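Quantities reported herein were computed from a predicted structural model and do not represent experimental measurements.
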Amino acid sequence: MLKVSLRGLLAHKFRLVLTVIAVVVAVAFMSGTQVLTATISTSFDKVFDDVYKNIDTVVRSSVEVDTGFGKIRQPVDGAVIPAIAKVDGVGAVEGQVQDQLTIIDQQGEPTSNAQAGPPTFGLNWLTEPSLNGWHLNQGVPPTRPTDVVLDQKTVDKAGFKL
């Protein structure tokens, strides 16, 4: 049986080489995909770990809604904040609102593509310093409904000025 198999392989050398190349390319593609996925995941984890390093517990709704792009949770009623603040061991409590957004540059064009790239989201500025993990490069924290804070990359790309 071994003799017949070897004769078959030698008779079809080109087919053998192409099969080996196909297997090597497929394994390399799968390995590269796994490495890229792990790298992206680690990068996102690091960003959120840095920003929320001072927050030990998050209270979230148990109600999830499937949006077609993943599940999101219903908002928690802000009336629970005083009750949470009274729990022993709680140092600070603040509510946070977060949602997807599109930032428009001065020419009226989106600064990013929501379909191809990292998610773009907006959230309220946490006024409690012990909970806020963001750092301002310049300017002051937002205080009015028309004030915003943008990341430096978006400011540079869109040509905004302070």
Side-chain angles (χ1 to χ4, degrees), residues 23-162:
V23 169
V24 168
V25 168
V27 169
F29 178 76
M30 290 304 297
S31 298
T33 302
Q34 294 297 324
V35 168
L36 179 63
T37 302
T39 302
I40 290 170
S41 180
T42 301
S43 295
F44 273 104
D45 289 348
K46 181 167 179 8
V47 167
F48 287 105
D49 285 348
D50 288 347
V51 170
Y52 296 115
K53 68 182 172 213
N54 295 331
I55 298 175
D56 296 324
T57 304
V58 175
V59 176
R60 302 187 322 170
S61 170
S62 61
V63 180
E64 291 182 337
V65 177
D66 191 357
T67 65
F69 295 102
K71 294 181 180 180
I72 61 170
R73 293 184 185 261
Q74 289 292 329
V76 175
D77 188 350
V80 302
I81 292 175
I84 296 169
K86 292 178 183 176
V87 174
D88 285 340
V90 173
V93 178
E94 191 163 359
Q96 187 169 50
V97 179
Q98 176 179 327
D99 204 352
Q100 297 288 334
L101 64 86
T102 301
I103 299 171
I104 306 298
D105 67 15
Q106 295 176 356
Q107 287 74 38
E109 297 295 322
T111 59
S112 62
N113 181 351
Q115 305 302 321
T120 305
F121 59 91
L123 44 96
N124 61 299
W125 185 262
L126 297 178
T127 58
E128 173 60 46
S130 65
L131 299 177
N132 193 335
W134 300 101
H135 168 74
L136 292 176
N137 289 336
Q138 54 182 313
V140 295
T143 56
R144 297 177 303 204
T146 57
D147 292 347
V148 296
V149 173
L150 296 172
D151 63 283
Q152 191 65 51
K153 183 176 179 183
T154 302
V155 169
D156 295 342
K157 183 176 182 180
F160 292 128
K161 302 280 186 248
L162 184 66

| query | Within a strict 4.5 Å, meaning less than it, do heavy atoms of the Thr37 and Val35 side chains meet? | reply | no

| task | Please report the closest heavy-atom contact between Leu131 and Ile55, naming both atoms and the distance. | result | O-CD1, 3.7 Å

| query | Can you tell me how far CD of Gln96 sits from CG of Asn132, rounded to the nearest 0.5 angstrom? | reply | 8.5 Å

| note | Separation between CG (Asp99) and CZ (Phe121), nearest 0.5 Å, reads 11.0 Å

| said: Can you tell me how far apart CD (Gln98) and CZ (Arg73) are? Round to the nearest 0.5 Å. | reply: 13.0 Å

| field | Contact summary for Ala158 and Thr111, nearest pair of heavy atoms | value | CB-CG2, 3.7 Å

| query | Can you name the nearest heavy-atom pair linking Pro142 to Asp147, along with the distance? | reply | CB-CB, 3.4 Å

| said: Using 0.5 Å steps for rounding, measure from the CD1 atom of Ile40 to the CG atom of Asp45. | reply: 12.0 Å

| field | Distance in Å, Phe44 CZ paired with Thr39 OG1, rounded so as to fall on 0.5 Å steps | value | 12.5 Å

| said: So Asn54 and Ser130, do their side chains get closer than 4.5 Å, heavy atoms only? | reply: no

| request: Find out whether Val149 and Pro141 are in side-chain contact, i.e. whether some heavy atom of one side chain is under 4.5 Å from a heavy atom of the other. | output: no

| Hey, is Asp49 close enough to Lys53 for a salt bridge, meaning N to O under 4.0 Å? | no

| remark: All heavy atoms of Thr102 vs all of Pro110, minimum pair found to be CG2-CB, 3.8 Å

| task | Could you walk me through whether Asp156 and Thr154 pass side-chain contact (heavy atoms from CB on, under 4.5 Å), step by step? | result | CA-CA 5 Å; Asp156 295 342; Thr154 302; over 6 Å; no

| request: Output the distance between atom CH2 (Trp125) and atom CG (Leu123), rounded to the nearest 0.5 Å. | output: 9.5 Å

| task | Considering non-hydrogen atoms only, spot the tightest contact between Ile81 and Glu94 and give its length. | result | CD1-C, 4.4 Å

| request: Determine whether Phe160 and Leu150 make a side-chain contact, defined as any pair of heavy atoms from C-beta on separated by less than 4.5 Å. | output: yes

| Side chains of Val65 and Gln74: does their closest heavy-atom pair fall under 4.5 Å? | yes

